Amino acid sequence: MSIEQTGARRENELAALSSSRNRLYDGLILSTVGTGQADVEALEVDHPVAILGERIFGGPVDHVAMPHVAASAAATRHLVERGCPGLSRRSSSARSRS
C-alpha cells in the first residue's frame with residue numbers, strides 16, 4: 001500500500017491515476033476532490049481503481065460515496081437521543097443573512 005497526497009488538486013489527482021508505479025500495487029483508491037465528471041476518461045487505466053467522493057459518477061471504475069443526508073440525520077438522532085443540549089439548526093438562508 002502507498003499513500004499519496006494530492007492536495008485536492010486536479011493535476012495531482014490525474015498524475016496519481018496515470019503513474020506507472022501503480023502497477024506495483026494491487027490497486028489505487030483515489031479521493032476525487034479536484035477532478036470531476038469531465039475527467040472520467042482519465043479513469044480508463046490498466047490497473048484497478050476505486051474512487052471516493054461525490055465528484056464523479058458513472059465512470060469506468062468502482063465508486064464509493066457517502067449518503068450525506070442520511071448520515072446527517074443519523075448523527076443528529078444519535079446526539080438528540082443522548083440528550084446533547086448544544087444542538088442548533090442552521091440553514092443556508094440563515095447563514096447568508098449574517
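All figures in this text were calculated on a predicted structure; none of them were measured in a lab.
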Of the non-hydrogen atoms in Ala65 and Gly53, which two are nearest, and what is the gap between them? CB-O, 3.8 Å
Is a side-chain donor or acceptor of His63 paired with a backbone partner of Glu54 at a separation under 3.5 angstrom? no
Show the nearest heavy-atom pair for residues Met66 and Ala71, with the distance to one decimal. CE-CB, 3.7 Å
For Glu44, salt bridge (Lys or Arg N to Asp or Glu O under 4.0 Å) partners two or more places apart: none
Once side chain to side chain donor-acceptor pair (under 3.5 Å) is applied, do any residues pair with Glu11, and if so which ones, sequence neighbours excluded? Arg9
Give me each pair satisfying salt bridge (Lys or Arg N to Asp or Glu O under 4.0 Å) with a member in residues 57-83, each pair once, sequence neighbours excluded. none
Can you list everything that forms a side-chain contact (heavy atoms from CB on, under 4.5 Å) with Val80? Sequence neighbours excluded, please. Thr76, Leu87
Could you see if Val40 belongs to whatever hydrophobic cluster contains Leu30? Use Ile, Leu, Val, Met, Phe, Trp, Tyr and a side-chain cutoff under 4.5 Å. yes
Any side-chain to backbone donor/acceptor pair from Glu13 onto Thr35? Under 3.5 Å, distance only. yes
With sequence neighbours left out, write down each residue that passes side chain to side chain donor-acceptor pair (under 3.5 Å) with Asp46, or none if nothing qualifies. Arg23
Could you list who else is in Ile29's hydrophobic cluster, with ILVMFWY side chains joined at under 4.5 Å, directly or through other members? Leu52, Val64
With sequence neighbours left out, write down each residue that passes side-chain contact (heavy atoms from CB on, under 4.5 Å) with Val49, or none if nothing qualifies. Leu17, Leu28, Val45, His47, Ile51, Val61
